[in-house]
Trainee: 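Mind having a look at this structure? Questions to follow.
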2 protein chains.
Amino acid sequence: MVNESLARILAPTIKRSLADEIADRLRNAILCGQLAPEEPLREAALSELMGVSRGPVREALSRIEREGLAVVTPTGRTYVARLSRHDLDEVFSLRKALEQLAIERACMYADPKDLAELQSVVDDMAATIARGISEKEAAELDLRFHDIVYQASRHQRLLNYWTTLRPQVYVMMLSRNVASADFRDAAVRGHQDILDTIKSGDKQRARDLIGEHMRVAYDLVSQSYGQPCANPDQD
Amino acid sequence: MVNESLARILAPTIKRSLADEIADRLRNAILCGQLAPEEPLREAALSELMGVSRGPVREALSRIEREGLAVVTPTGRTYVARLSRHDLDEVFSLRKALEQLAIERACMYADPKDLAELQSVVDDMAATIARGISEKEAAELDLRFHDIVYQASRHQRLLNYWTTLRPQVYVMMLSRNVASADFRDAAVRGHQDILDTIKSGDKQRARDLIGEHMRVAYDLVSQSYGQPCANPDQD
DNA sequence: AAACAGAAAATTGTTAACTGTTTTCAATAA
DNA sequence: TTATTGAAAACAGTTAACAATTTTCTGTTT
């Protein structure tokens with residue numbers, strides 16, 4: 001066998017089906033707001049617009065639906081999802097449960113490479129905030145940090161679940177307030193604390209910290225969603 | 001508007017696509033062991049066997065894969081999944097996180113109908129154990145109890161996640177020991193305790209109880225999967 | 001024997017046409 | 001004007017054929 005870096009360069013090209021690409025393009029269009037909530041997603045129209053047949057579009061729509069970015073009526077019509085406060089509560093309560101599991105395992109399994117990547121994201125955050133951060137940048141840096149935590153948790157199923165929940169979290173973060181003063185002040189310190197706790201290996205403290213982190217994230221996003229829910233989960 | 005019972009009778013027939021039905025049949029075949037682990041799932045062969053075209057079969061296979069009952073190679077070949085100890089650890093750690101969220105919410109939202117259904121399952125368990133319970137019956141009654149907890153949690157996304165995880169849990173429970181003496185002795189009391197705690201509304205106690213319940217379930221199934229993992233999650 | 005190359009078969013990815021249902025719209029009646 | 005009906009259009013579900021890729025097989029070479 002040859003050396004490792006050559007193996008990486010010559011590694012088998014990962015097969016991406018048309019459906020994968022179509023799903024990516026649709027997801028982007030929705031996340032950028034080019035496809036607004038409630039807008040119908042018609043297989044025929046999309047396939048024509050995107051220059052492919054209905055098959056791959058159909059498959060892509062099914063993924064977009066799984067990710068919660070589209071909803072399907074009982075009669076099979078698909079529309080871009082409009083996320084309500086109820087959705088917000090569901091997404092964040094679920095996310096909290098997943099993140100707590102992820103960070104516990106990250107405490108056990110994170111290797112130096114994971115830790116370095118986490119630190120690099122925190123540093124990026126500090127630098128970007130210093131020169132003025134946009135909503136989009138704030139959301140993407142934040143999510144990238146958590147992506148690495150899931151990666152470090154060494155739990156394929158957990159990562160899959162996060163991958164399907166992630167786009168909804170992104171949509172909600174973009175609906176304002178994420179780059180607010182509160183965020184700018186707290187984000188760097190908050191994520192650095194989490195990283196330090198992962199390094200320390202203190203699972204219980206990590207759990208508590210990420211729980212609080214989720215509560216803060218929820219509150220921040222919550223302002224854009226009308227009157228809050230009676231009991232936004234305290235424990 | 002007419003009366004309620006008539007409305008129920010004349011209610012719209014839920015549209016089930018061919019893909020839905022094919023997925024059900026494939027899932028059953030796998031759960032019954034008629035399709036053994038590693039067995040290839042070929043679109044053409046299955047479509048012929050099941051008397052439909054490849055389209056619905058393709059869609060069904062994608063769902064079966066999502067449920068973890070099948071795996072797809074990088075080149076698109078699909079096989080019945082063989083679940084390893086590593087999968088067992090993943091499934092049960094994830095399940096624990098989901099169940100803890102579910103039961104907390106069940107403490108808040110369960111209505112008398114949910115509680116009655118839970119009690120009825122516990123009673124069924126007692127009766128079935130008294131007359132000799134099979135592996136299959138044990139697994140199905142156990143899962144039915146937890147289904148109701150998720151239903152009572154009033155959390156659509158959480159229920160969806162459970163629905164995709166459930167078949168893997170079922171497979172693992174069937175791989176022996178679930179109807180063992182340990183199970184028979186503990187199952188009824190264990191589930192009754194959980195139900196009573198939901199009734200009491202004590203979220204923290206419910207969380208702890210279901211956490212312990214998951215540990216017991218893990219240990220029971222674990223025996224069939226070779227040497228245990230270093231740290232099967234203690235907290 | 002083991003490794004390789006090339007042809008043949010098998011299999012998935014993609015497309016386009018067909019079928020049945022749902023939705024829309026316009027004409028008609030209350 | 002507001003319901004109701006029926007026809008037309010739009011749409012998703014399904015199928016079958018085609019294209020591209022992967023796997024298997026077989027003969028050849030080392």
Side-chain angles (χ1 to χ4, degrees), chain A residues 1-2 10-27 29-30 35-82, chain B residues 1-2 7 10-27 29-30 35-67 69-82:
Chain A
M1 187 46 189
V2 294
L10 266 36
T13 308
I14 341 99
K15 249 304 210 19
R16 279 178 56 80
S17 74
L18 258 186
D20 288 325
E21 193 199 311
I22 300 294
D24 285 351
R25 287 164 64 186
L26 283 175
R27 190 181 308 107
I30 294 172
L35 285 169
E38 316 277 303
E39 192 148 340
L41 298 170
R42 298 190 188 93
E43 293 180 4
L46 290 173
S47 68
E48 199 167 338
L49 216 63
M50 305 179 96
V52 298
S53 68
R54 276 178 53 215
V57 170
R58 194 177 163 77
E59 218 170 304
L61 284 179
S62 142
R63 299 186 204 181
I64 296 297
E65 186 213 347
R66 236 193 22 208
E67 293 170 7
L69 297 183
V71 292
V72 179
T73 69
T75 57
R77 261 67 176 179
T78 305
Y79 300 88
V80 177
R82 173 181 301 284
Chain B
M1 188 45 187
V2 293
L10 266 34
T13 308
I14 341 102
K15 250 307 209 20
R16 278 177 57 79
S17 73
L18 257 187
D20 288 326
E21 193 199 310
I22 300 295
D24 285 351
R25 288 164 65 185
L26 281 175
R27 191 181 307 107
I30 294 173
L35 284 169
E38 316 277 305
E39 193 148 340
L41 297 170
R42 297 191 189 92
E43 293 178 5
L46 290 173
S47 68
E48 199 168 337
L49 217 63
M50 306 178 94
V52 298
S53 67
R54 276 178 52 213
V57 170
R58 196 177 162 78
E59 220 171 303
L61 284 180
S62 140
R63 299 186 203 181
I64 296 297
E65 187 212 348
R66 231 190 30 202
E67 293 170 6
L69 297 183
V71 293
V72 178
T73 69
T75 58
R77 262 66 178 179
T78 305
Y79 301 88
V80 177
R82 171 180 301 286

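Since the model is a prediction, treat every value here as computed from it, not as a measurement. Labels below follow one simple rule: chain letters A, B, ... track the order of the sequence lines, proteins then strands, and each chain is numbered from 1.
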Trainee: Nearest nucleotide by nearest heavy atom, which residue falls closer to the 5' end of DNA chain C, Leu41(B) or Thr75(A)?
Mentor: Leu41(B)
Trainee: Let me spell it out: for each of Arg54(B) and Glu59(B), pick the nucleotide of DNA chain D with the closest heavy atom. Which residue's pick is nearer the 5' end?
Mentor: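 Closest to the 5' end, via its nearest nucleotide, is Glu59(B).
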Trainee: Which comes earlier along DNA chain C counting from the 5' end, the contact point of Val52(A) or that of Gly76(B), where each point is its nearest nucleotide?
Mentor: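 Counting from the 5' end, the first nearest nucleotide belongs to Gly76(B).
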Trainee: Do Glu65(B) and Thr78(B) have side-chain heavy atoms sitting under 4.5 Å apart?
Mentor: no
Trainee: Please find the earliest and latest nucleotides of DNA chain C, in the 5' to 3' direction, that have an atom within less than 4.0 Å of any heavy atom of chain B.
Mentor: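 In short, chain B contacts DNA chain C from dT11(C) to dT21(C).
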Trainee: Is there side-chain contact between Leu61(A) and Arg58(A), with at least one heavy-atom pair below 4.5 Å?
Mentor: no
Trainee: So, for Thr73(B) and Tyr79(B), which heavy atoms are closest and what is the spacing to 0.1 Å?
Mentor: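 Closest approach of Thr73(B) to Tyr79(B), heavy atoms only: CG2-CE1, 3.5 Å.
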Trainee: Round to a whole Å and report the spacing from NZ of Lys15(B) to C1' of dA12(D).
Mentor: 8 Å
Trainee: Could you check how far CZ of Arg58(A) sits from C1' of dT14(D), rounded to whole Å?
Mentor: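 That distance rounds to 8 Å.
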Trainee: Salt bridge between Lys15(B) and Asp20(B), side-chain N to carboxylate O under 4.0 Å?
Mentor: no
Trainee: How do Pro56(B) and Arg42(A) order along DNA chain D: which one's closest nucleotide is nearer the 5' end?
Mentor: Arg42(A)
Trainee: Take the protein atom CZ of Arg77(A) and the nucleotide atom P of dG13(D), then report the distance between them rounded to whole Å.
Mentor: 9 Å
Trainee: In terms of side-chain geometry, is the basic nitrogen of Arg63(A) or Glu67(A) positioned less than 4.0 Å from the acidic oxygen of its partner?
Mentor: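 Salt bridge flag = no for Glu67(A) with Arg63(A).
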Trainee: Taking CG from Leu46(A) and P from dA10(D), how many angstroms apart are they, rounded to a whole number?
Mentor: 16 Å
Trainee: Without decimals, in angstroms, what is the distance between Glu43(A) CD and dT14(D) C1'?
Mentor: 11 Å
Trainee: Would you indicate whether the side-chain heavy atoms of Asp24(A) and Arg16(A) approach each other to under 4.5 Å?
Mentor: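 A side-chain contact under 4.5 Å exists here.
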